[in-house]
Asker: 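Questions regarding the structure given below will be posed in turn.
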Amino acid sequence: MLEVREVSHSYQQRRWFRRADHTPSVLTDISFTIEKGCCLGLLGTSGAGKSTLGKIILGMQRPSHGQILFEGQDIYRTSRHMSKAMRRDLQVVFQDCYSAVNPMMTAAEIIGEPLDNYERLGTAERRRRIGELLEQVGLSATDAGKRPDQFSGGQLQRINIARAIALKPKLIVLDESVSSLDMVNQTHILSLLAELKASHQLSYLFITHDIRAAMTLCDRIAVMDQGRLVQQEADGEALIHSAHPAVRQLVDSILPEHPANRLVWD
Amino acid sequence: MENSGKVLEVDNLQVGLNNREQPQLLLENIHLTLEKGSILGLVGESGSGKSLTCNAILQLLNPRQMAVSGSIRLHGRELTSLPDKEMRRIRGREIGCIMQNPMNAFTPVYTIGSQFMETLRTHYPNLSKAQAREQAISALADMNLPEPSRLMKCYPFQLSGGMLQRVMIAISMCLRPALVIADEPTTALDVVNQLRVLRELHRLRTECGTAILLISHDLGVISQLADEVAVMQQGRIVEQAEVHQLFNHPAHAYTQTLLNARPLTALSGSRHAAKQK
């Protein structure tokens, strides 16, 4: 469904009266595919280029080289920006749930905005859809009038998810969507995402640095290091026993979950 | 004073919201004790009052909005009745603080070096600039940061989050405080940087004998560092126990919920938490 073909990218620094000098490349020769109903985990340390790749796939950043094919169509080919129809099928949920919403808008307005942009709904129908979406993400329809400051982080992330699924997209980019939540909320949101994936036939690109979160949700995990795709595995176990130094570093940095298995540091 | 066992004693701390219509109790009956060189972990989900407790200890709550009662003693010295000027001397020098978001803790318009030296020279006014610089560089080198003298000239936005967090630890360490309050020190970092920061905190405790109040919602962090754990829920400490005891035999229902919310997949074969929900 989504095909990333040999994408490379570097942020060019514009300098007056000087030629753009050597710019380090952020992404080098990335290729992968995501099938319908599948979840690809994109794993890496900060600065590995995960979020840049996410932006490129969402059509927010044209890559220096390479193509992004969404259902066979190059998303950067048609015009400067993606076509409106294509944008409908690609949605995103960001890490920081507070800055992803307008604090002046109510939950109903936040979730209703994509509906207003794409579908002409009557007042009653619109209200019904919003209530339905709120219930799908585990909130109640009575929360529709609340504003972001009345929700906790986990609840607000649910509203972000409701906004993302409002138009029944095909692919959602989850850019560190659970990283800033506490463990209890993380578990809830991960199981919600798994449920939605099954019921809506959604595909995810799940960007994270937490291999355990990736293993619970993803069908396939790709590891990035310094802009390169270093390993791609369908099975998380294979990653844990991987020999690649970048993967090893990620795996070895995971803290044990019980004080009896503490890492020894002296 | 330095060698007395107890560094921090918090007794019956209560924090209420001064709200005329509906006064609200935010923290209730908080008792905490920290010995020299020990690490107390404070866990609980967001909104349970962890950060409020640390702000209350640092006397950073606005008395117009919050009513604070109870006693907070540092080396036996009562902090709640201290005048602002005295308290300002204690903050930083005797109680260090490491904040959650390193990006917001620094001023973006000054270099790391000038902010570091400012901290040093505020607390030691007769330190010359050159001496302060020297101390700062050696503190950064101590923290395993590469090229400390070049780092001094960098602006905060030129460093990664993990590096900034280590700079912040270096700043709070170089004044040799008796107590460091680390409020979610690794939440904003990726796993690799998290490990580096935790290792430095561990060194701070073993080498300098600093007591650390470690606030986190990540039980991995807590299980790695803490000696004792206090579990908070809705402004109350519901359970407090030694770390092994707490992980093996959680007594309170809420602690069990927290422990069960650990990542669903356990690594390296031991699949003790396959599916919890």
Side-chain angles (χ1 to χ4, degrees), chain A residues 43-48 50 95-97 151-156 176 178-188 190-192 194-195 208-218 225 236-237 239-241 246 248-266, chain B residues 41 43-48 50 100 160-162 184 186-196 198-200 202-203 206 216-227 229 242-248 254 257-270 272-273 275-277:
Chain A
L43 206 63
T45 57
S46 42
K50 312 182 295 278
Q95 169 171 17
D96 189 352
C97 49
F151 291 108
S152 72
Q155 287 173 323
L156 205 53
E176 302 267 17
V178 296
S179 310
S180 62
L181 303 175
D182 67 50
M183 283 299 167
V184 181
N185 279 320
Q186 249 185 50
T187 319
H188 290 328
L190 281 175
S191 54
L192 169 70
E195 276 166 32
T208 183
H209 61 250
D210 186 350
I211 191 171
R212 289 165 305 188
M215 279 168 71
T216 54
L217 188 64
C218 301
D225 181 47
E237 291 292 321
L239 276 182
I240 289 168
H241 304 297
R248 275 256 63 84
Q249 196 188 20
L250 275 173
V251 174
D252 290 341
S253 308
I254 294 167
L255 297 169
E257 286 298 327
H258 195 281
N261 330 324
R262 270 188 196 185
L263 310 172
V264 186
W265 276 338
D266 294 306
Chain B
V43 280
E45 59 186 354
S46 37
S48 59
K50 307 182 299 271
Q100 173 171 9
S160 73
E184 309 255 8
T186 59
T187 310
L189 308 178
D190 68 45
V191 279
V192 177
N193 281 312
Q194 163 169 291
L195 198 66
R196 290 191 188 125
L198 293 184
R199 185 172 291 178
E200 297 310 331
H202 176 73
R203 233 165 44 103
T206 45
S216 183
H217 63 245
D218 188 341
L219 285 163
V221 174
I222 296 289
S223 72
Q224 177 63 30
L225 279 184
D227 305 313
V229 187
E242 197 268 329
V243 63
H244 293 268
Q245 171 75 23
L246 187 102
F247 274 75
N248 289 331
Y254 181 66
T257 326
L258 275 182
L259 287 177
N260 287 342
R262 280 178 294 178
L264 305 177
T265 344
L267 293 179
S268 57
S270 58
H272 54 78
K275 183 94 184 172
Q276 303 284 357
K277 225 191 122 186

Asker: If every non-hydrogen atom of A:Gln249 is compared with every non-hydrogen atom of B:Arg196, which pair is closest and at what distance?
Answerer: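 Nearest heavy atoms, A:Gln249 then B:Arg196: NE2-NH2, 3.7 Å.
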Asker: Which heavy atom of A:Ser46 sits nearest to which heavy atom of B:Asn193, and what is that distance?
Answerer: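 Scanning both residues completely, I find the closest heavy atoms to be OG-ND2, 3.9 Å.
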Asker: Rounded at 0.5 Å granularity, tell me how far CG in A:Leu263 sits from CG in B:Leu198.
Answerer: 9.0 Å
Asker: Take B:Gln224 and A:Asn261 through the side chain to side chain contact (heavy atoms under 4.5 Å, CB included) test and state the conclusion after the steps.
Answerer: CA-CA 8 Å; B:Gln224 177 63 30; A:Asn261 330 324; over 6 Å; no
Asker: Taking side chain as C-beta onward, heavy atoms only, is B:Asn248 less than 4.5 Å from A:His258?
Answerer: yes
Asker: Using a 4.5 angstrom heavy-atom cutoff, name the option from B:Thr187, B:Val243, B:Ile222 with the most pairs to chain A.
Answerer: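 Winner by heavy-atom pair count: B:Val243.
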Asker: Roughly how far, to the nearest 0.5 Å, is CG of A:Leu255 from CG of B:Leu225?
Answerer: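 The distance works out to 8.5 Å.
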Asker: Is a side-chain donor or acceptor of B:Ser223 paired with a backbone partner of A:Pro256 at a separation under 3.5 angstrom?
Answerer: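 Yes, the answer is positive, given that a donor and an acceptor are paired below the 3.5 Å cut-off.
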Asker: Select, from B:Asp218, B:Val191, B:Leu189, the one with the greatest count of heavy-atom pairs under 4.5 Å involving chain A.
Answerer: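 Looking at each option in turn, the highest pair count goes to B:Val191.
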Asker: Could you measure the distance from the CG atom of B:Asp190 to the OG1 atom of A:Thr208? Nearest 0.5 Å is fine.
Answerer: 10.0 Å
Asker: Nearest 0.5 Å please: distance from the CG atom of A:Asn185 over to the NE2 atom of B:His217.
Answerer: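 Spacing of CG (A:Asn185) from NE2 (B:His217) equals 9.0 Å.
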Asker: Please report the closest heavy-atom contact between A:Ser253 and B:Leu195, naming both atoms and the distance.
Answerer: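 Heavy atoms only, the tightest pair is CA-CD2, 3.8 Å.
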Asker: For B:Glu184, which atoms come within 4.5 Å of any heavy atom of chain A: side chain, backbone, both, or neither?
Answerer: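 Neither; nothing under 4.5 Å.
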Asker: A:Asp252: which residues meet the salt bridge (charged side-chain N to carboxylate O under 4.0 Å, His left out) condition with it, sequence neighbours left out?
Answerer: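 Listed in chain order: A:Arg248.
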